[in-house]
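Reviewing the structure listed below.
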Amino acid sequence: MHIEKIEYGPEKEGFWSHVAFILIILLTLAAAGITGTIIWKIMSSEPAVASTRLFIEDIGKLLAYLLFVLAAILYLYVKGLLQDEYVTTLE
């Protein structure tokens, strides 16, 4: 099987494409804020406090929020902005 050519689908335009772009920007800022909070908490905490169960649970919750935000960014990029591609093959 040989790839003959790749044809790109229609441009993603319109209202939903713009909404997806704006949401990606906002979610990226949220992810940066969550990452900064995680780093700040780890760097500024005393060892005695950082070894408590409550601290570890808080960091775990922040990591779960970060994972959710990154997954939402990826979903919006794939569904909202990524171009559809069609591959033509010859055998």
Side-chain angles (χ1 to χ4, degrees):
M1 183 182 307
H2 303 286
I3 296 177
E4 178 67 25
K5 64 180 180 175
I6 298 176
E7 299 175 6
Y8 294 98
E11 291 285 326
K12 296 277 181 135
E13 296 176 349
F15 177 73
W16 292 113
S17 177
H18 294 291
V19 169
F21 180 74
I22 291 169
L23 285 175
I24 287 172
I25 297 298
L26 292 175
L27 288 172
T28 302
L29 293 174
I34 292 170
T35 303
T37 303
I38 291 170
I39 292 171
W40 178 256
K41 281 190 172 194
I42 291 173
M43 296 295 288
S44 66
S45 296
E46 295 293 324
V49 175
S51 64
T52 63
R53 181 182 177 110
L54 181 61
F55 180 82
I56 296 169
E57 287 176 354
D58 287 342
I59 295 295
K61 286 178 188 176
L62 287 173
L63 287 172
Y65 295 150
L66 181 62
L67 183 65
F68 179 77
V69 168
L70 292 176
I73 290 170
L74 183 63
Y75 177 79
L76 285 171
Y77 177 72
V78 169
K79 292 301 255 183
L81 296 181
L82 193 64
Q83 304 302 320
D84 296 327
E85 294 182 3
Y86 303 99
V87 177
T88 304
T89 59
L90 294 174
E91 293 187 21

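Keep in mind that the numbers below use all heavy atoms, side chains included, and drop hydrogens, waters and symmetry copies.
- In terms of heavy-atom proximity, Phe55 sits nearest to Ser45 at CE1-OG, 3.2 Å.
- Each of Trp40 and Ile59 belongs to its own hydrophobic cluster when Ile, Leu, Val, Met, Phe, Trp and Tyr are linked at side-chain heavy-atom distances under 4.5 angstrom.
- Leu26 and Val19 fall into different hydrophobic clusters, where Ile, Leu, Val, Met, Phe, Trp and Tyr are joined by side-chain heavy atoms under 4.5 Å apart, directly or via other members.
- Closest non-hydrogen pair, Thr52 versus Val49, comes out as OG1-O, 2.7 Å.
- The 12-atom threshold is not exceeded at CD of Glu46, counting heavy atoms of other residues, nucleotides or ligands nearer than 6.0 Å.
- In the hydrophobic clustering of this structure, Val69 does not group with Tyr75; members are Ile, Leu, Val, Met, Phe, Trp, Tyr whose side-chain heavy atoms approach within less than 4.5 Å, directly or through other members.
- Between the CG atom of Asp58 and the CG atom of Leu54 there is a distance of 4.5 Å, given to the nearest 0.5 Å.
- One finds the CG atom of Leu66 at 6.5 Å from the CG atom of Leu63 (value rounded to the nearest 0.5 Å).
- Hydrophobic clustering keeps Ile34 apart from Leu67 (ILVMFWY residues linked when any side-chain heavy atoms are closer than 4.5 Å, directly or through intermediates).
- Separating the CG atom in Leu27 from the CD1 atom in Ile22 is a distance of 12.0 Å, to the nearest 0.5 Å.
- Residue Ile73 holds its CD1 atom at 5.5 Å from CG of Leu70, rounded to the nearest 0.5 Å.
- In this structure, Leu76 CG and Lys79 NZ are separated by 11.0 Å, a value rounded to the nearest 0.5 Å.
- Phe68 and Tyr77 end up in different hydrophobic clusters when Ile, Leu, Val, Met, Phe, Trp and Tyr side chains are linked at under 4.5 Å.
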